[in-house]
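Throughout, residue positions are numbered sequentially from 1 according to the sequence presented.
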Amino acid sequence: RDDAGKLTLPLPRMAGTHQVDNAALAIAMLRHQDAVSVPESATAAAMEWTNWPARLQRLDDGPLTGSAPEADIWIDGGHNADAAEALRHFMRQESEGKHAKFNVILGMLANKDAEIFIKTIAPFVSSLRAIPIVGHEHHDPFKIAIMAKKAGISETGTAPNVEVAIAETEIRSRPGENYAPILIAGSLYLAGEVLKANNQLPD
């Protein structure tokens, strides 16, 4: 609702409550300008059309996800405190009565604050495996694993790449529990590698 009146729209198809805020801001900006005419039908359709690869994107069945077929595997290229906060909200919602906590696979560039990122998401993480980002200066996976342990994540470790990390992740922590989802996060470079490995590069 603004000076132009009330507008009722479907929710964005993109995962995460923060995408509702993002959509609302974009629509408010469109309604505030008059250089381009945007009909309400186009605004409504945009909620379904909008796509942002590697932002809380659920991976399809593919070569990479085949090693953990029972688990939902998500990727997110977020790498700063705001992105971590958005992930925290998403993980909390997914964990409430639906899943066990997340198993996280994390790789981050050396110029990013890995410690605050890990501390932010830690309450909803059951395990964290740190991996390198080949071809880029990155945090030492061993040091990331230590940060995760200090943040209260009980199971931490390292892996040489995302394929090994997925294969080594224990997706069911106790008999009778739901399959815990996997989140691959921390870098858009890493997200690009993941999408390529799963034959899921964007158009």
Side-chain angles (χ1 to χ4, degrees), residues 1-60 72-99 101-102 104-125 133 136-139 151 181-196 198-203:
R1 185 190 301 274
D2 58 17
D3 291 343
K6 182 178 179 181
L7 180 63
T8 302
L9 297 170
L11 292 173
R13 73 169 182 172
M14 296 175 65
T17 56
H18 61 291
Q19 297 298 355
V20 177
D21 295 334
N22 289 343
L25 177 60
I27 292 164
M29 293 176 68
L30 283 172
R31 283 160 67 91
H32 188 69
Q33 58 84 41
D34 55 13
V36 178
S37 177
V38 182
E40 289 189 10
S41 58
T43 306
M47 298 301 97
E48 176 60 28
W49 292 342
T50 303
N51 181 39
W52 194 351
R55 291 296 189 182
L56 277 177
Q57 178 181 356
R58 186 179 179 276
L59 293 182
D60 297 335
D72 287 341
I73 303 181
W74 298 83
I75 59 168
D76 192 273
H79 46 256
N80 57 31
D82 288 339
E85 192 61 40
L87 286 174
R88 176 188 174 96
H89 286 297
F90 171 75
M91 296 164 79
R92 180 181 63 200
Q93 289 180 324
E94 289 291 301
S95 296
E96 288 176 352
K98 183 178 177 183
H99 287 301
K101 292 181 177 181
F102 279 69
V104 172
I105 298 169
L106 187 69
M108 296 193 78
L109 297 184
N111 63 350
K112 307 304 178 185
D113 191 336
E115 186 172 11
I116 190 64
F117 192 97
I118 293 168
K119 285 181 178 179
T120 301
I121 66 172
F124 303 101
V125 179
I133 303 175
H136 304 278
E137 290 188 21
H138 56 268
H139 283 283
I182 296 172
L183 172 66
I184 306 167
S187 168
L188 286 168
Y189 290 109
L190 174 59
E193 292 177 11
V194 169
L195 290 175
K196 183 178 180 180
N198 205 48
N199 292 337
Q200 206 172 333
L201 284 173
D203 296 332

- Note on the structure: By salt bridge (Lys or Arg N to Asp or Glu O under 4.0 Å), Arg92 pairs with (sequence neighbours left out) none
- Query: Heavy-atom distance under 4.5 Å between the side chains of Val125 and Met91, does that happen here?
  - Reply: yes
- Message: For Asp82, is there any backbone N or O sitting under 3.5 Å from a side-chain donor or acceptor partner on Glu85?
- Response: no
- Taking side-chain contact (heavy atoms from CB on, under 4.5 Å) as the test, write out the residues that go with Ala84, two or more places apart. Phe117, Thr120, Ile121
- Message: Would you compute the distance between atom CZ of Arg55 and atom CG of Asp76 and round it to the nearest 0.5 angstrom?
- Response: 5.5 Å
- Query: With a cut-off of 6.0 Å (strictly less than), are more than 12 heavy atoms of other residues, nucleotides or ligands near CD of Gln33?
  - Reply: yes
- Where Gln200 and Asp60 come nearest, the two heavy atoms and their spacing: OE1-N, 3.0 Å
May I have the list of side-chain donor-acceptor pairs in residues 187-194 shorter than 3.5 Å, sequence neighbours left out?
| residue | atom | partner | partner atom | Å |
| --- | --- | --- | --- | --- |
| Ser187 | OG | Tyr189 | N | 3.0 |
| Ser187 | OG | Leu190 | N | 3.2 |

- Determine the minimum heavy-atom distance between Asp72 and Arg58, stating which atoms define it. OD1-NH2, 2.6 Å
- Task: Can you see which heavy atom on Pro12 is nearest to which on Ala23, and at what distance?
- Result: CG-CB, 3.9 Å
- Pairwise side-chain contact, Val36 with Leu30, heavy-atom cut-off 4.5 Å (strictly under): no
- From His138 atom NE2 to Asn111 atom CG, the distance as rounded to the nearest 0.5 Å: 12.5 Å
- Query: For the atom pair NZ (Lys112) and CG (Asn80), what is the distance rounded to the nearest 0.5 Å?
  - Reply: 7.5 Å
- Item | Between CD1 on residue Ile105 and CD1 on residue Ile184, distance to nearest 0.5 Å | 4.5 Å
- Message: Tell me every residue that passes salt bridge (Lys or Arg N to Asp or Glu O under 4.0 Å) with Lys119, counting only those two or more places apart in sequence or in another chain.
- Response: Glu115
- Task: With the side chain counted from C-beta on, respond yes when Arg88 and Pro123 share a heavy-atom pair under 4.5 Å apart, and no when they do not.
- Result: yes
- Task: Indicate, with yes or no, if the rings of Phe102 and Trp74 have centres closer together than 6.0 Å.
- Result: no
- Note on the structure: Hits for side-chain contact (heavy atoms from CB on, under 4.5 Å) against Ala42, two or more places apart or cross-chain, chain-then-number order -> Val38, Pro39
- Note on the structure: Residues Leu106 and Ala185: closest non-hydrogen pair is CD1-O, 3.2 Å
- Closest non-hydrogen atoms of His79 and Met108, given as atom of the first, atom of the second and distance, are O-CE, 3.4 Å
- Query: Any salt bridge (Lys or Arg N to Asp or Glu O under 4.0 Å) pairs touching residues 18-45, not counting sequence neighbours?
  - Reply: Asp2-Arg31
- Got a second to check how far Ile182's CD1 is from Ile75's CD1, nearest 0.5 Å? 13.0 Å
- To the nearest 0.5 Å, atom CG of Leu9 lies from atom CD1 of Ile27 at 4.5 Å
- Task: Indicate yes or no: at least one non-hydrogen side-chain atom of Leu195 is less than 4.5 angstrom from one of Leu59.
- Result: yes
- Can you name the closest pair of heavy atoms from Leu11 and Met47 and give their distance? O-CB, 3.9 Å
